[in-house]
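If you're wondering where the values come from, they're calculated on a predicted model, not measured in any experiment.
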Amino acid sequence: MNLRVLLKTLVLIVLMAVGEAPVFGQHRIVGSQYPSPVLHTIVRGYAYPATVSYVETSTAHYFAYADASMTVLNAEIDPSIFVRDFVIFEDYVYFCGLDNSQQASKGVWGWFKIQDLIASNMSYCSHRDFHCNLQYADTLHSLVAFRDSANTLHLAVVGSVKDGNTSNRSCMLDITGSAGGSGWNYTMGITTTSPSGYEKLTKICLTDNFVVAVGSVPMGAGNINHRFHRRNNMFQSGGPQDYFYKVPGDVWPQSWDYAVTHLYNDLFAVAAKHEANGLYYKGIMVYVFNIPTVTTGSNAVYSADVSTSGYTDLLDICDIQYSQSYRELTLLLNGTTPFGVGSLVAELQLTSPYMNIYQVSFFPDKMMTSLDNYNAQQHFLTMGYNITNPVEVDFSIQPLQTTPVCSVQQSVLPQDVNYAVKVDSIPYNTCIDKFKCEMRDVEKYMKTDLIVKCSD
């Protein structure tokens, strides 16, 4: 499928000076054709320059592997499984989403070994019945993987729940087990109602000491809220997860559109749409919090309006990543931009003092839906589909903090935004259960070629 290995490491240039290292050329944009229009993609870096991706088309769903061979190996999975996120951890892929194979859609979680995908001998393990009392997960939105201080494997997953009638509440799962095993345990926490409405948690990230769940409470224009879980004991009685932290003050986030990422230590960043001063002005707000110091009334470590225009109604926030190598955030947006229809990646440097100008790379006629770090965080990688030819998946890379080759560069001046944090104590309702996931075979394998669209 689409692999962010749009980087074909070939073109070995042997320089005539003694001791000179070889230089590898990199293709900036490559495309691959699928039998039907592409609807959704997710891409993750693997062993450079290889990538693993998920491609969802109107007729089939695939996990795919690509490398410097300039081909993509696609493994077709059950079309009733819709993957909404996956992570690579210790040579396994762990994924989550929803399964609509029966009357009611239910949240699905599973795993497979990457080497089995590479060898065209892949089976994947999946489970679709996570419940707590009368409520069950109807969609699992996002997940992270880690080992605790006792070396126990954890998959922390955030989702939404139903009681048979509504889907207003959220859930957090802590799934534990052995890599490659079929028997697993989980603790499920379900959020309860508050005076301002139900929580809706859909994003998650992992810091050095915490699992951070990010979501919203639809009060007024919406509040972005966060819950912090200790990695070594996610549901410890009286732990930090029993409190949720709401923002803002001077600006109102739009609660349906945001992304989150870890920076370093216990710093994390969130991007969200917002309205300001009760006007129709809309922007993209990026703020950085340090978890141990978040208190009532505190402001973010860093906050800025990074809009490319005062009106961003037609722009969607797709993803945000952090490059430790460059101390820089990259933010993926798509839709109708000030530069035309397509996708753009904004680069925000977080070196102190924070810079007041950021660079934007614009990709016209491409709807990129996924973003990741690439090449030891020296580049960013995006993946999506071609608007003018929807059956084509495109991979695009650019080195950070340089003039783009295959995209249009713009510079934008951000504005500061301020808001205060509020804290409420609303504990989860929790349940503990066991499950055994089902081993399933791939429907079929398909190879597609990667074609160079734009290169250095």
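- With a 4.5 Å cut-off on side-chain heavy atoms, D316 and K273 count as touching.
- D449 and T71 share no side-chain donor-acceptor pair at under 3.5 Å.
- Side chains of T202 and Y258: a donor on one and an acceptor on the other come within 3.5 Å.
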inquiry  = Could you walk me through whether L201 and V214 satisfy the side chain to side chain contact (heavy atoms under 4.5 Å, CB included) test, starting with their C-alpha distance in whole Å, then the side-chain angles of each, then the deciding distance to 0.1 Å, before giving a yes or no?
reply    = CA-CA 6 Å; L201 302 173; V214 180; 6.0 Å; no
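- In this structure a side-chain-to-backbone donor-acceptor pair under 3.5 Å is missing from S178 to G181.
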- Derivation and outcome, side chain to side chain contact (heavy atoms under 4.5 Å, CB included), residues L333 and C318: CA-CA 6 Å; L333 309 168; C318 294; over 6 Å; no
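- H127 meets the ring-ring contact (aromatic ring centres under 6.0 Å, His included) test with F130, F435; sequence neighbours excluded.
- In this structure, a donor-acceptor pair under 3.5 Å is present between the side chains of D85 and S142.
- In this structure, the side chains of V161 and T191 stay at 4.5 Å or more apart for every pair of heavy atoms.
- For the pair K434 and Y186, the cation-pi test (distance below 6.0 Å, angle within 45°) is failed.
- When the disulfide bond (SG atoms under 2.5 Å apart) test is applied to C132, the partners found at least two apart in sequence or on another chain are C431.
- No side-chain donor-acceptor contact under 3.5 Å links Q324 and Q377.
- In this model, no donor atom of one side chain and acceptor atom of the other lie less than 3.5 Å apart for Q349 and R327.
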ring-ring contact (aromatic ring centres under 6.0 Å, His included) for F63 and Y124? Distances and angles first, verdict last.
CA-CA 11 Å; F63 276 106; Y124 59 100; 7.8 Å; no
_Intermediate values then yes/no, side-chain hydrogen bond (donor to acceptor under 3.5 Å, both in side chains), S105 and D138_ = CA-CA 6 Å; S105 294; D138 65 274; over 6 Å; no
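- Residues V301 and L267 form a side-chain contact, since some pair of their non-hydrogen atoms from C-beta on lies under 4.5 Å apart.
- With a 6.0 Å cutoff to the six-membered ring centre and a 45° limit on the axis angle, R230 does not count as a cation-pi contact of F235.
- Within the 4.5 Å cutoff, no side-chain heavy atoms of S396 are placed close to those of R28.
- Using the six-membered ring where Trp is involved, F289 and F268 have ring planes that are tilted, between 30° and 60° apart.
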Please evaluate residues R128 and E438 with respect to the criterion salt bridge (Lys or Arg N to Asp or Glu O under 4.0 Å), reporting the C-alpha separation (whole Å), side-chain torsions for both, the decisive distance (0.1 Å), and the verdict. CA-CA 9 Å; R128 67 177 299 274; E438 174 189 2; over 6 Å; no
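- Under a 3.5 Å cut-off, the side chain of T139 and the backbone N or O of H141 do not form any donor-acceptor pair.
- Two residues are said to be in side-chain contact when any heavy atoms from C-beta on lie closer than 4.5 Å; K106 and Y136 meet this criterion.
- Within the 3.5 Å criterion, the main-chain N or O of T41 finds a donor-acceptor partner in the side chain of T369.
- Take D266 and apply the salt bridge (charged side-chain N to carboxylate O under 4.0 Å, His left out) test, not counting sequence neighbours, and it matches no residue.
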Residues 77-84 side chain polar contacts: donor-acceptor under 3.5 Å, at least two apart:
residue : atom : partner : partner atom : Å
D78     : OD1  : S80     : N            : 2.9
D78     : OD1  : S80     : OG           : 2.7
D78     : OD2  : S80     : OG           : 3.4
D78     : OD2  : R440    : NH2          : 2.4
R84     : NH1  : E56     : OE1          : 3.1

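- In this structure, the separation between CZ on R227 and CE on M172 is 9.5 Å, given to the nearest 0.5 Å.
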Exercise. Start with the C-alpha distance between V157 and I175, add both sets of side-chain angles, then the distance that settles side chain to side chain contact (heavy atoms under 4.5 Å, CB included), and finish with yes or no.
Key: CA-CA 8 Å; V157 192; I175 301 173; 4.1 Å; yes
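- Ring centroids of Y94 and W111 are separated by 6.0 Å or more, keeping the two rings apart.
- Inter-residue side-chain proximity for Q135 and R169 is flagged as met; some heavy-atom pair is nearer than 4.5 Å.
- Under the 3.5 Å distance criterion, with hydrogens and angles disregarded, no donor-acceptor pair is assigned to the side chains of D208 and Y264.
- Side chain to side chain, D441 and S123 meet the donor-acceptor criterion of an N or O pair below 3.5 Å.
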Next on the checklist: Test side chain to side chain contact (heavy atoms under 4.5 Å, CB included) on I88 and V52; report intermediate values, then the result.
Outcome noted: CA-CA 9 Å; I88 295 175; V52 175; 4.0 Å; yes
Pairs under 3.5 angstrom only: tabulate donor-acceptor contacts from the side chains of residues 359-368 to other protein residues two or more places apart or in another chain.
residue : atom : partner : partner atom : Å
Q359    : OE1  : Q409    : NE2          : 2.7
Q359    : NE2  : E347    : OE2          : 3.2
Q359    : NE2  : T402    : O            : 3.1
K366    : NZ   : D394    : OD2          : 3.0

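- By the salt bridge (charged side-chain N to carboxylate O under 4.0 Å, His left out) test, D433 pairs with no residue at all, sequence neighbours left out.
- With hydrogens and angles disregarded, no donor-acceptor distance shorter than 3.5 Å links the side chain of H229 to the backbone of N232.
- Between the side chains of H379 and Y48, no donor-acceptor pair of N or O atoms lies under 3.5 Å.
- Between Y62 and Y34, the distance separating the two ring centers is shorter than 6.0 angstrom.
- V211 is not listed as a side-chain neighbour of Q241, based on a closest heavy-atom distance of 4.5 Å or more.
- No hydrogens or angles considered: nothing links the side chains of Y54 and R44 as a donor-acceptor pair under 3.5 Å.
- When ring centroids are compared, Y245 and H226 stay outside the 6.0 Å threshold.
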